[in-house]
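Notes follow once the structure below has been shown.
Both ligands and their constituent atoms are indexed starting at 1 by order of listing. In this text, all values refer to a predicted model and were calculated from it rather than measured experimentally.
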Amino acid sequence: MKKQNLVITGGGSTYTIGMIMSLIEEKAQFPLKSITFYDTDGARQEQIAKACNVILREKYPELESFSWTTDKQEAYENADFVFVQIRTGGLAMREQDEKIPLQYGCVGQETCGPGGMAYGFRSIGDMIDVVNDIRHYAPDAWILNYTNPAAIVAEALRREFPDDHKILNICDMPAAIMVSYAKILGKEIWDLVPEYFGLNHFGWFTDIYDKEGNRLTDQIKRTITEDGFIPEDSEIVNDPSWIKTFKQVETMLNHFPEYLPNTYLQYYLYPSDMVEKEDISNTRARQVINGRQKRVHTMSDQIIADDSTENVELEVDIHGRYMIRVAASLAYNLGETYIVIVENNGIISNLQDDAMVEVPAALTSRGPKPFAVGEIQTFYKGMIEGQLAFEKLVVDAWFEQSYDKLMQALTLNRTIVDAPVAKKILDDLIEANKDYWPALYTEKKKKAQR
Ligand code: NAD
Ligand code: G6P
Ligand code: MN
């Protein structure tokens, strides 16, 4: 088995230590020669990297090299795989994305509705730069992106790099949900075979099978409606916000019993409940700053001070394991099936070809080979087409610097609907993001300038 050279872009992320633990857990599946961290914030990355250095020395002695850098060439030369996990504007800007819509009574969420639009508008430019940098030094490397909002980033990268077939966008949410299904069934997640369709953070499991072909969907539905649904993955199991979110799946399944929903549909199906549940002075970004980020940084300091991991509790999570299993299937042509984000091209036969959809695909060294979904029913088609139009308009707006298209996008979104509200939120977001967004022009202004 060829050993891989892996680069993690966004080495300073709160997910990096979990990823390193997952790489250690999965070393037989995805053996590594080297790991390199790249980040634009050298200090943030160094703290995490120094802790990872201790972890890797203890638990991955066969790794030939581990290093961290802010130099692109040093990072990307010789890379076989690059995992991209950046956050333009950091958690501070995430907090703005959440608070501003809430001030107008609309959902404030980092990947859904106006918050997702704002985050997408910050991410697109940086993600295009990251891909160009990687391609300059490593034209053949696989790029696994999970930078959010993945739906909008995937659409922007599809347009900017239409001929690059080694970029794959991935989300861990279907897998995190499947960890809870597996628990219900008394099985391992890797024993389950999902049937799923939708957009990123906007999809449904139509069925769950085991590897022997037994259909387990009804057992899962029955258990969820009778006994409830809770997160089981280590990263989210004790998190009150995720516990609430998984509980909402029970409600969704009562109102819409046909398929098993992605948790993110709660923001589109119950926007008023979601707004009501929020505390504007303690939105999710604040919880992450005081929760995961603090926990990760305290843990890093402890590991560095002790020069050992003996006094910390290190855990493997599905986020890291999932990305790594995806990478292994691509690297070693395993043809295993995972839910990933790909261009539709007829997979959902009654949806436009150029949509980026989230569906199961067999992952080979020639890329993802998605399975046909066929025709979807009116409710799902209507929901998806509205959301897809929003995502397309956001990306149009970015490339065209169009104020009007953002106005259209926000008004279309199920979390807003009301045009005057869309305008107020948009104007506030423009002000809050002036250091990050491209300038926007109305069509009227564009015409006057011509
Ligand atoms: P974070 O802010 O802790 O980490 C991001 C890191 O990226 C920081 O160290 C930052 O300095 C660095 N960075 C920012 N811009 C950069 C650039 N242009 N080039 C290189 N590095 C850059 O954020 P986090 O909460 O750990 O999340 C990281 C990313 O992973 C986010 O985009 C988040 O939404 C995403 N994520 C996605 C999924 C998924 O399912 N798709 C799951 C988990 C996390
Ligand atoms: C899930 C989603 C990710 C998202 C994350 C947010 O894993 O799939 O796309 O980034 O949740 O979690 P947080 O704890 O930062 O709110
Ligand atoms: Mn996701």
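Residue contacts with ligand 2 for Tyr264 involve side-chain atoms from C-beta outward but no N, CA, C or O (heavy atoms, distance under 4.0 Å). With a heavy-atom cut-off of 4.0 Å, Val288 does not touch ligand 1 at all. By the criterion of a heavy-atom distance under 4.0 Å, the side chain of Tyr15, and not its backbone, is placed next to ligand 2.
Here the heavy atom of the protein found nearest to atom 19 (N) of ligand 1 is Thr40 CG2, 3.5 Å. In terms of protein heavy atoms, atom 18 (N) of ligand 1 is closest to Asp126 OD2, 3.6 Å. Asp172 OD2, 3.2 Å is the protein heavy atom nearest to atom 42 (C) of ligand 1. Annotation: atom 35 (C) of ligand 1 to nearest protein heavy atom, Tyr146 O, 3.5 Å. For atom 4 (O) of ligand 1, the closest heavy atom belonging to the protein is Ser13 CA, 3.1 Å. With respect to atom 9 (O) of ligand 1, the closest heavy atom belonging to the protein is Asp39 OD2, 2.7 Å. Considering only non-hydrogen protein atoms, atom 1 (P) of ligand 1 sits nearest to Arg44 NH2, 3.7 Å. With hydrogens left out, the protein atom closest to atom 10 (O) of ligand 2 is Asn148 ND2, 2.9 Å, a heavy atom.
No salt bridge links Arg284 with Glu110; every basic N to acidic carboxylate O contact stays at or beyond 4.0 Å. In this structure, Arg286 does not pair ionically with Asp279, as no charged nitrogen and carboxylate oxygen lie closer than 4.0 Å.
Geometrically, ligand 1 and Gln293 share no nitrogen or oxygen pair separated by less than 3.5 Å. Checked by distance only, ligand 1 and Thr88 stay at 3.5 Å or farther apart across all their nitrogen or oxygen atoms. On a distance-only criterion, Tyr38 and ligand 1 share no N/O pair closer than 3.5 Å. The N/O atoms of Ile86, backbone and side chain alike, include one that comes under 3.5 Å of an N/O atom in ligand 1. Any N or O atom pair closer than 3.5 Å counts here, and Ile170 shares at least one such pair with ligand 1. For a threshold of 3.5 Å applied to N or O pairs, the pair formed by Thr9 and ligand 1 contains no separation below that value.
Against a heavy-atom cut-off of under 4.0 Å, Tyr119 is close to the following atoms of ligand 1: 31 (C), 32 (O), 33 (C), 34 (O). The distance from ligand 2 to the heavy atoms of Arg284 drops below 4.0 Å at these ligand atoms: 13 (P), 14 (O), 16 (O). Atom numbering of ligand 2 starts at 1 in the shown order; those under 4.0 Å from a heavy atom of Trp242 are 1 (C), 11 (O), 12 (O), 14 (O). Close approach of ligand 1 to Gly12 is summarised as follows: ligand atoms under 4.0 Å from at least one heavy atom of the residue are 9 (O). Applying the 4.0 Å criterion to heavy atoms of Asp41 picks out, from ligand 1, the atoms 11 (O). Atoms of ligand 2 found under 4.0 Å from any heavy atom of Glu110 (numbered from 1 in listed order, with element): 4 (C), 6 (C), 10 (O). Atoms of ligand 1 found under 4.0 Å from any heavy atom of Thr147, numbered from 1 in the order shown, are 32 (O). Contact atoms of ligand 1 toward His319: 42 (C), 43 (C) (distance under 4.0 Å to a heavy atom of the residue). The Cys171 neighbourhood of ligand 2 comprises atoms 8 (O), with distances under 4.0 Å to a heavy atom of that residue.
Considering only non-hydrogen atoms, atom 2 (O) of ligand 1 lies nearest to Arg87 out of Arg87, Arg292, Met127. Comparing Arg292, Glu98, Glu235 by heavy-atom distance to atom 13 (P) of ligand 2, the nearest is Arg292.
Between Phe379 and Phe256, the ring planes lie parallel to each other; the angle is under 30°, not in the 30° to 60° tilted range. Ring-plane geometry between Tyr268 and Phe202 is classed as perpendicular, the angle between the planes exceeding 60 degrees on a 0 to 90 degree scale with a lower cut at 30.
For the pair Val54/Ile304, no side-chain contact is recorded, criterion being any heavy-atom separation below 4.5 Å from C-beta on.
Each of Asp396, Asp354, Asp164 was compared with Arg159 under the salt bridge (charged side-chain N to carboxylate O under 4.0 Å, His left out) criterion, and only Asp396 meets it.
Shown here for Val316 and Ser22, the closest heavy-atom pair between the two residues is CG1-OG, 3.8 Å.
No heavy atom of Ala176 sits closer than 4.0 Å to any atom of ligand 2. At least one heavy atom of Arg94 sits less than 4.0 Å from an atom of ligand 2.
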